[in-house]
Amino acid sequence: MAKWGMAVDLDRCTGCEACVTACHAENNIPTVGPEEADKGRTMHWLRIERYWEGDFPDVQLKFRPVLCQHCDNAPCEPVCPTYASYHTDEGLNAQVYNRCIGTRYCANACSYNVRVFNFFNPEWEKPLDLQLNPDVSVREVGVMEKCTFCVQRINDAKIDAKANNEDGLIVDGALQSACAQSCTAKALVFGDLEDPDSEVSRLSGSARGSKLLGELGTGPAVTYLQKESWYESGDR
Amino acid sequence: MDRRQFVKASAVTGASASLAACGNPEDQFIRFISDEILPAGLAVSRRSICPLCPAGCGVEVRVMEGDIDVVRDGVAGVVKTGLAKKLEGLPAHPVNQGKLCVRGQAAIQVTYHPDRIRGPLQRTGERGSGQFEPVSWDEAIGELSSRLGALAESGGQNGLRMITRPLRSQRGFLIREFLERFGAPPAVTFDIFGDEVLRDANFQSFGVRQLPTFDIASSRYLLSFGADILGTWNSPVSQNIGYGDMRQGRPGLRGKFVQVEPRMSQTGANADQWVPARPGTEGFLALGLARAIMAAGTRAPADAGRAGALIEGWSDGLDAYTAEEVETVTGVPSRTVEQLAREFAENLPAIAVIAGAPLAHTNGMFNALAVNALNALVGSVGAGRGVGFTPQPEGLEPVQRGERTIEQLANEILESPAGAAPPVQVLLVNDTNPVFGAPPAMRVADALSGVGYIVSFGSFLDETGNLADLILPDHSFLESLVDHVPESGGGRAMASAAQRAMRPLHDTRDMADVLLEVARSLDFDEPLEWETYEDLVQTRFDTLSPPEGFDSAWIAAQFGGFWVDQSPSSPQPDPPAADIVPRAYSAPQFDGSADEFRFHFLPYVSQSFLDGSLAHLPWLQELPDVVTTAMWSSWVEINPRTAEELGVVEGDLVEVRSAHGVIQAPALIFPGIAPDVLAMPLGQGHRNFTRYASGRGANPIEVLAPMRESETGELAWAATRVNIARIEGEGGLITLAGALREDEELSR
Amino acid sequence: MNLATDSRITADLLRPLLGTSGKYYVTVGLLGAVTLMGLVAWGYQMYYGIGLTGLNSPVFWGFYLINFVFWIGISHAGTLISAILRLIDAPWRRPVTRCAEAITAFALVIGGTLPLIHLGRPWLFFYLIPFPDGRGLWPNFRSPLMWDFFAINTYLLASTLFLFLPMIPDFALIRDRATGIRRTIYGALSVGWRGTPKQWHRLESAMQIMAIAIIPVAVSVHTIVSFDFAMAVVPMWHSTVFGPYFVAGAIFSGIAGLIIAMAILRRVLRLEQYLTALHFQKLGQLLLLMSLLWGYFVFSERLTIWYGNDNHEMPVFWATFTGEYAPFFWVMVACNFVLPLILLSNQKLRTISGCVVASCGVVLGMWLERFLIVVPSLSYRQLPYTWGSYMPGWPEIAVMVSTFAAMALLYTLFVKFIPIISIWEFKDGTHPGPEPRPIAEPRTLPARGAEAAGEAL
Amino acid sequence: MKATYALYTDPESAKQAIVALKEMGVAQSDIVIMSPEPLEAYEFDPSEQETSMRWVAVLGGGIGCVFGASLPSLTQLLWPLNTGGMPIVSIWPNLIITFEMTMLGAIVATVISLVRAARLGRRLPEFYDPQVSDNKILVGIANPSDAQLPDVEQALRGGELKTIP
């Protein structure tokens with residue numbers, strides 16, 4: 001049984017935001033337009049947080065991609081009265097759109113605020129709708145949605161592995177979330193944490209690794225590898 | 001022509017109106033025989049090339065079966081066909097190695113854009129009124145042919161002109177051939193934020209008129225002077241890939257990255273050290289480093305070769321550029337200068353990069369040459385040595401840009417004596433928008449109004465297309481055969497090509513095929529020898545040496561999406577024999593006096609929209625700019641202290657005034673910008689560019705002064721001084737982030 | 001037992017039922033219209049989407065849940081108080097209990113509706129009902145919202161019964177003097193009451209048991225409402241003090257609501273001799289006590305946060321203390337603490353009008369308290385990048401207004417059909433009441449109301 | 001039916017009538033008493049002071065408790081879903097449901113027992129006089145035999161005598 005997870009190398013991430021649009025394209029995420037965006041109702045499943053440090057001229061800027069952390073002890077799951085939000089055997093923090101009645105409790109409980117809500121029915125002005133990914137359902141008004149670790153790709157990969165690999169297991173790297181696939185600096189690495197040889201397992205064990213808001217004990221499946229500072233030519 | 005009218009107009013040809021006429025397909029459901037049979041529910045992968053920037057990344061298109069509304073013989077219905085669903089990087093492609101940037105990811109919306117022109121249009125109202133009516137392709141092409149035919153008979157071949165964006169595909173070659181054989185002057189390429197200064201500098205220093213390719217992955221020190229290498233400049237994806245490996249790709253070794261710029265860009269945000277230098281003094285700083293390195297004795301002036309010889313005083317070790325002098329000129333502390341010099345010389349291979357604003361000053365050429373010399377000094381130039389040049393495939397070299405600039409063309413039109421026949425009878429506009437992109441001082445709009453007949457190949461009604469008399473909408477890149485010769489991003493000569501990924505959605509035609517058809521009807525003395533654009537590309541590609549296992553480069557290119565030269569890369573061409581003229585540093589000149597206009601004005605290429613050509617894509621409009629988190633708007637970046645002094649808070653509407661124009665935009669408090677600099681992203685401020693971009697934000701180009709780079713005459717777009725004032729009104733700034741800092745403390 | 005007095009009592013307390021004035025219809029009409037407006041707003045919201053509200057990310061909860069907590073709080077006036085008073089057998093309770101219990105029933109109905117209005121997809125509200133879906137999946141009992149479902153419904157059922165049982169003898173009373181349709185209706189409602197010693201005794205022991213059972217339920221209800229917040233790891237929500245804090249606040253606002261209601265009844269129904277200054281004195285003292293208790297909870301809550309100085313919680317603390325939400329905070333403190341302390345701690349000021357003024361302040365203050373609990377905490381969550389703010393949309397305001405109208409409407413209708421003071425309990429007790437005044441009792445109700453009755457409402 | 005009864009305006013005389021009836025050998029259970037108020041101080045009918053309602057309530061609470069404990073646990077086992085890493089049968093939250101159901105059980109049981117014990121919910125028998133709600137106390141007996149009729153009327157003389165033929 002796999003356990004899906006991700007490693008985010010903040011030392012690689014350049015804030016290019018390819019992941020953000022890749023996520024939109026893969027998961028049929030609507031755009032809400034300026035008025036709604038101004039109200040704070042954009043639908044990004046994945047955002048790159050930026051924080052300033054210091055003042056000019058000694059000023060620094062830090063980027064941090066934040067997506068659903070697929071916590072093992074997810075605060076968002078138990079508060080849902082209809083089981084719309086629950087934890088799969090493979091460690092995915094799943095959202096069942098059909099069961100969601102829109103209490104928005106999960107969004108409050110999520111300390112990472114990575115859940116986005118359909119305040120209106122999504123619109124794709126024709127023929128933009130032709131781009132919609134048939135593997136991903138389109139969500140209606142009143143439904144909470146969030147990063148799924150591209151569960152549709154996971155399922156495709158499973159079928160593919162059953163058909164083509166003698167051991168029926170997914171080869172590390174053969175399966176990538178849309179964001180990881182597009183990530184130009186290879187900062188996002190997606191894979192199976194159960195597989196000790198997978199790159200994501202290797203990176204998650206890194207000394208630079210830490211969890212976002214780890215002190216809350218939510219047990220995220222996403223590990224952040226902290227930015228390093230420069231050391232003169234190779235000496236460590 | 002406002003959106004509603006536009007939709008109306010295009011609708012008549014396109015499906016929607018006919019659908020309205022025949023009721024919606026649900027009511028009377030007619031399913032035509034499939035255009036394309038695909039395995040139901042399964043994805044097919046096809047190849048293409050991202051057209052949005054000159055990098056030319058290979059694209060893998062995920063195509064799946066889908067239904068589209070169509071009208072066949074006046075009957076509305078649906079038909080199954082293959083539809084592009086998602087764009088990914090082409091894994092094996094030498095430039096982007098399976099990765100794709102944010103703009104490339106959004107490129108798919110170009111094809112499905114609701115405001116795409118769905119068929120040929122003919123102007124009905126006043127020019128610029130935006131009133132068009134649909135016409136058939138035969139009429140449209142007939143109209144163009146007859147006008148050109150008339151020109152040819154009256155011997156007025158000179159009256160045909162063409163403006164195009166820089167093309168690195170064979171379309172450029174076709175355009176050249178077409179104009180040449182018609183007898184018209186070569187096309188004017190318009191690319192206001194292009195890199196001509198750097199290309200010229202590279203030609204001077206290294207004999208290659210080309211943008212460099214950087215081996216960032218294996219470098220240990222990366223020193224960038226204002227170059228947005230991780231954002232938009234040159235070949236961003238390949239540079240990002242290299243950057244990632246430079247950081248964490250080599251166990252125990254992590255390269256250092258230093259960025260020199262007065263306003264922290266997305267690239268600068270990733271730097272280990274960020275050094276704000278006064279605008280236009282970057283070259284001086286580079287030479288300061290060079291002097292320190294030479295003074296340290298680790299390197300001799302001669303090591304820089306020709307590149308060094310181009311700098312006055314180089315051979316004597318640049319005594320003028322002492323660290324103290326550098327501090328007074330650039331504002332960079334002498335300590336920092338020495339530290340940078342030491343690290344740059346000690347951590348080889350070290351790369352110095354310069355691009356963007358530093359080259360857009362009156363002394364841009366000097367800045368470029370200085371950095372070239374610095375690279376040469378530490379021996380970073382040459383194949384496999386940090387700074388290289390991607391060999392161009394022989395026989396497939398892209399057409400070099402014409403001598404004439406858009407401004408010269410404009411002047412020619414404007415200066416023609418009144419009453420006389422306009423010097424430009426027919427103007428072809430291909431995929432470029434000078435009315436939006438050229439500073440008002442160049443008076444491009446006025447000039448175009450003096451043109452006899454304007455034909456646009458654009459897919460969207462933009463400011464320039466709006467002035468057209470005839471619009472012959474091109475296919476989107478997914479709908480047509482595409483080819484590209486990357487200028488940089490790889491070690492070997494290469495050329496990409498791909499067949500169309502899907503059938504055209506609308507009644508559009510490939511610009512190249514239209515030109516060929518027109519040419520046929522004109523019967524040139526030496527006719528164009530290609531039936532279709534595909535013939536042309538094939539014949540051109542087949543001049544290349546076929547790789548292993550293929551008997552033609554054309555087949556190979558289509559098979560893999562690209563062709564790479566297998567032969568050992570040809571040596572760099574020798575520098576021009578022309579005698580060397582050493583340049584001396586001259587302080588940058590700015591338009592507007594410092595006391596009247598307090599601030600340097602720094603427009604920058606937007607992460608989302610580049611120069612504005614992508615402002616029509618909703619995904620990019622709603623993409624929070626990673627540094628400012630702003631969406632759907634434009635803004636003016638102000639240092640917090642300056643803002644406090646001016647009594648400006650975030651979101652206030654401010655007026656940016658130069659000697660040449662004034663624009664209004666909301667203020668955005670930006671800790672990473674020098675107190676005497678105001679920065680503003682390009683891209684917004686379109687008057688007329690689809691429902692998503694029209695009337696949104698302000699266009700910084702409108703305040704730019706027509707300053708020149710002294711040697712090349714390129715526009716010095718960073719040499720304008722402005723003033724700023726808070727004014728009444730809604731700023732309309734939309735940002736995603738709630739706080740600037742992670743340890744944000746609220747008022748106590 | 002004094003015939004003259006009792007007849008007088010019966011007459012006074014039945015008067016509102018006898019006749020109906022034009023004013024009454026106007027009042028009902030107006031209140032009904034405003035209530036309807038709220039429902040229309042809800043309809044709009046369902047049709048166009050919850051986006052008509054001012055809700056956003058990160059403030060996913062707003063006015064609807066603020067008012068939900070507010071009304072559930074108000075509901076703690078009646079049943080809880082009257083149950084306590086019954087148990088300690090405070091003689092002065094008798095005229096108060098029924099109008100208090102009525103508040104509970106109505107406030108619960110209103111409060112219980114708000115979470116449904118709050119839903120993104122209200123048409124699927126039945127997913128909350130403990131019943132398996134097509135695939136045999138039941139609701140998630142780990143969710144505080146399910147706890148709400150059970151607690152509120154239990155409390156609603158219990159309070160309704162608690163309100164209904166003591167009405168039976170009064171229904172019998174009306175039955176015996178009514179004719180026609182009224183006789184049938186009240187006859188049905190009085191479930192064959194005859195007033196045998198057995199019935200009287202069983203009724204009283206039933207009320208005793210229910211009083212005992214209903215107090216823990218009432219406490220649990222608002223504790224669970226507080227759990228809706230305390231269970232989430234949100235700055236200044238995740239606190240153990242919330243349970244008692246909310247219960248105290250609920251009783252606090254409940255008493256305030258009760259005092260206001262009683263004052264209005266006293267005026268409109270001319271019950272000056274039944275709801276006397278003494279009752280306001282007593283309730284005023286109770287209100288003062290709760291005010292002090294509330295102050296104690298607020299202090300201990302905020303002290304703990306401030307001292308702990310948790311970097312996730314401090315932004316919320318400062319936002320409410322000196323930041324953008326500070327004005328609300330200080331108004332709340334003034335209304336909930338300073339004002340009651342001044343007006344109620346002083347015998348001279350603790351008059352009827354004094355109590356009413358204090359109560360109005362408390363109702364406002366407690367509404368603000370709920371606002372300050374919901375909005376600032378959500379505005380300033382753990383990751384500063386996601387900070388935001390909130391302005392209500394027009395449907396939220398419309399619905400809020402209509403909840404108050406609905407309360408008034410239900411109450412107006414209630415006093416029209418049911419004696420607002422329990423007649424038999426009042427007679428039964430020994431307490432200040434009207435002087436004996438022999439009058440001729442009408443054996444049956446006049447077809448059209450007497451003029452006196454006409455002025456009654 | 002036949003009935004003989006009297007209406008009294010004060011509890012004292014009513015009490016006397018009841019005593020008189022008892023003295024002439026009428027069983028307490030045959031004496032019909034109706035009052036507009038509890039008037040428990042007068043103990044018209046001492047036999048009614050005992051009741052088992054408390055125990056009914058406790059029983060009801062017990063049933064509610066069992067139901068409230070099993071409903072969440074069983075449904076959680078019926079379709080085990082992991083939420084937030086909590087155990088499938090999560091005791092703590094379930095206790096809340098259990099508590100509410102217990103209380104509900106007790107309350108419902110009380111009301112049911114009240115309805116049954118007080119013989120509520122049936123139609124009003126003919127033997128009833130609306131004057132009772134005019135603050136009169138009714139004392140009488142149903143179907144008196146012609147033999148005892150005079151004594152009964154004698155016993156009830158304190159009040160306004162009435163008969164239902």
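Hydrogens, waters and symmetry mates are skipped; everything else that's a heavy atom, side chains included, is used.
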Handout entry: Identified ring-ring contact (aromatic ring centres under 6.0 Å, His included) partner of Tyr105(A) from the options Phe60(C), Trp61(C), Trp237(C)
Key = Trp61(C)
Examine whether an atom of [X] lies under 4.5 Å from a heavy atom of chain A, and if so say whether it belongs to the side chain, the backbone or both; otherwise answer neither.
| X | answer |
| --- | --- |
| Pro115(C) | neither |
| Leu378(C) | side chain |
| Val234(C) | side chain |

Heavy-atom pairs under 4.5 Å with chain C are the metric here; pick the option from [options] that has the most.
| options | value |
| --- | --- |
| Pro75(A), Cys100(A), Ala84(A), Cys76(A) | Cys100(A) |
| Ala109(A), Pro81(A), Cys80(A) | Pro81(A) |
| Glu77(A), Arg99(A), Arg115(A), Arg47(A) | Arg99(A) |

Once you round to the nearest 0.5 Å, how far does [atom1] of [X] lie from [atom2] of [Y]?
| X | Y | atom1 | atom2 | result |
| --- | --- | --- | --- | --- |
| Asn311(C) | Glu215(A) | CG | CD | 7.0 Å |
| Leu52(C) | Phe120(A) | CG | CZ | 4.5 Å |
| Arg104(A) | Ser57(C) | CZ | OG | 11.5 Å |
| Leu145(C) | Thr103(A) | CG | OG1 | 5.5 Å |
| Arg121(C) | Asn98(A) | CZ | CG | 7.0 Å |

Handout entry: Heavy-atom closest contact (Phe119(A) atom, Leu55(C) atom, distance)
Key = CE2-O, 3.6 Å
Exercise for the section: Would you indicate whether the side-chain heavy atoms of Asn113(A) and Gln382(C) approach each other to under 4.5 Å? Expected result: no
Exercise for the section: Pick one of side chain, backbone, both or neither for Tyr51(A), based on which atoms fall under 4.5 Å of a heavy atom in chain C. Expected result: side chain
Exercise for the section: Under 4.5 Å, counting heavy-atom pairs only, tell me which of Pro144(C), Gly54(C), Ala232(C) racks up the most with chain A. Expected result: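 Max contact count across the listed options: Pro144(C).
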Problem - Interface residues of residues 122-134 of chain C facing chain A - heavy atom cut-off under 4.5 Å - result: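 Result: Trp123(C), Leu124(C), Tyr127(C), Leu128(C), Asp133(C).
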Practice task
Report, by ascending residue number, the residues of residues 238-245 of chain C in heavy-atom contact with chain A at a distance under 4.5 Å; give 'none' if the set is empty.
Solution key: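 Residues of residues 238-245 of chain C touching chain A at under 4.5 Å: none.
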Practice task
Check the surroundings of atom CH2 in Trp306(C): do more than 12 heavy atoms from other residues, nucleotides or ligands lie under 6.0 Å from it?
Solution key: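 No.
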